[in-house]
Amino acid sequence: MRTFRKMALLAGGLLLLMGIKSPASAQNAPSRDDIVAKLDKYQADQELDVAALRQQVTERSKMRGKNEPTPQKRPPIVPEITKLPTFNVDIVFDVDTPIVQPESYQTVGRIADAMVYASLLPYNFLIVGHIEANGKREANAILSQRRADAIREIMVNTFKISAKRIQAVGLGEEQLLDSARPNAPANNQIQIMTLSKIPESEPPAVAAAAKKPAAKKKK
Amino acid sequence: MVRGGIFLAAALLALPSVAAAETMSFGDAAALLARSCGADITANCRGVNLDSSRLKECLSRNQDVTSQQCKAAYLQSLDAIQKRIAARVTVANACTREIVKICHGSTKETSKSVPCLMTASGVSRNCTQAMTDAGYR
């Protein structure tokens, strides 16, 4: 029995090693530990009204006055999030849709692996979508929101990460990651950010919210 | 060459789940799905996202045109994801004593006790194994 278990562990270890190097994957998926290392740097909660931010993005993406700054010159729409612990990741989507291509499945799985890892369990996350400054500005805002939402849905539905832990916002081309080159592929990255800490639980008797963070549950 | 690699990887990936309660990481399970079924998904399930039930539904509905490789692997990879999720519940059972006595937590909110369990001493092997299976460590 003991040796049996040892063998299983060994195989598991081998698997882990393979997972990290995995030369067979089409894309170079980041390792779970890479993601954890970037996100496990929480300092303070970021007060952020995500619903209001979405609204702001929608409105700004519709501006088309003569004096509208070019994409390079636009001030970032939510500069405060740039201070949050962040992991930038390339996820390949079907053109103009929020459908993740199979070559990025592993990457998405690794993000889920990071979110269930012990050191990140106490935190809430923000998924931020971006689109390079090509095509219609307004459409880009919408597409980035749909993509950020899609990643959130995969986390919640497929990997059963608590929905309360994840918020999503699409910034379109309103906060370019490489503003000097508005068409650069870097501007299509998805960002995962450590947004806030889940409040400490109340005494066990009251903590009926199962595994989900009892966040703003009053009652 | 690539094909051989795929089969080797698939065989290796299949090993631990057979050997014990050991689970596969989400990343590896998703990678297995992509390697085995990527082409099938692109061809027959365009517009379906990485959603366990929708993908399962689409791939089984298209059985007639699905590759052998994919047929052999898609349920395995989707089950691997479910197993990893189910393992979280096992932690509450395997670590009841540790959660309550050492971490002063509740088994109803296991995940809140996990960071404590990771560093606590006197955690049983069963509990440690359960946390590994759930992907907490």
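By convention in this document, chain letters (A, B, ...) are assigned in the order of the sequence lines, proteins followed by strands, and residues within each chain are numbered from 1. Side-chain atoms are counted along with the backbone in the values below, which use heavy atoms only and exclude waters and symmetry mates.
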Are there more than 12 heavy atoms of other residues, nucleotides or ligands under 6.0 Å from atom [atom1] of [X]?
{"X": "A:D96", "atom1": "CG", "result": "no"}
{"X": "A:K38", "atom1": "NZ", "result": "no"}
{"X": "A:E80", "atom1": "CD", "result": "yes"}
{"X": "B:R54", "atom1": "CZ", "result": "no"}

Per-residue contact mode, [X] against chain A (heavy atom under 4.5 angstrom):
{"X": "B:V89", "answer": "neither"}
{"X": "B:L55", "answer": "side chain"}
{"X": "B:A39", "answer": "neither"}

Compare every heavy atom of [Y] with every heavy atom of [X], then report the nearest pair and how far apart it is.
{"X": "B:G135", "Y": "A:R32", "result": "O-NH1, 4.0 Å"}
{"X": "A:D113", "Y": "B:F26", "result": "OD1-N, 2.9 Å"}
{"X": "A:A118", "Y": "B:V114", "result": "CB-CG1, 3.6 Å"}
{"X": "A:P102", "Y": "B:A34", "result": "O-CB, 3.2 Å"}
{"X": "A:I198", "Y": "B:K112", "result": "CG2-CE, 4.0 Å"}
{"X": "B:R88", "Y": "A:K160", "result": "NH1-O, 2.6 Å"}

For chain A, find which of B:P115, B:G47, B:C37 contributes the most heavy-atom pairs closer than 4.5 angstrom.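 Among the listed options, the one with the most contacts to chain A is B:G47.
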
Rounded to the nearest 0.5 Å, how far does [atom2] of [Y] lie from [atom1] of [X]?
{"X": "A:Q106", "Y": "B:L50", "atom1": "CD", "atom2": "CG", "value": "12.0 Å"}
{"X": "A:N157", "Y": "B:D51", "atom1": "CG", "atom2": "CG", "value": "5.5 Å"}
{"X": "A:F93", "Y": "B:N49", "atom1": "CZ", "atom2": "CG", "value": "7.5 Å"}

With heavy-atom distances below 4.5 Å as the criterion, would you say the side chains of B:R84 and A:V116 are in contact? no

Evaluate the side chain to side chain contact (heavy atoms under 4.5 Å, CB included) criterion for residues B:Q82 and A:T158: first the C-alpha distance (whole Å), next the side-chain angles of each, then the deciding distance (0.1 Å), finally the verdict. CA-CA 9 Å; B:Q82 292 314 315; A:T158 299; over 6 Å; no

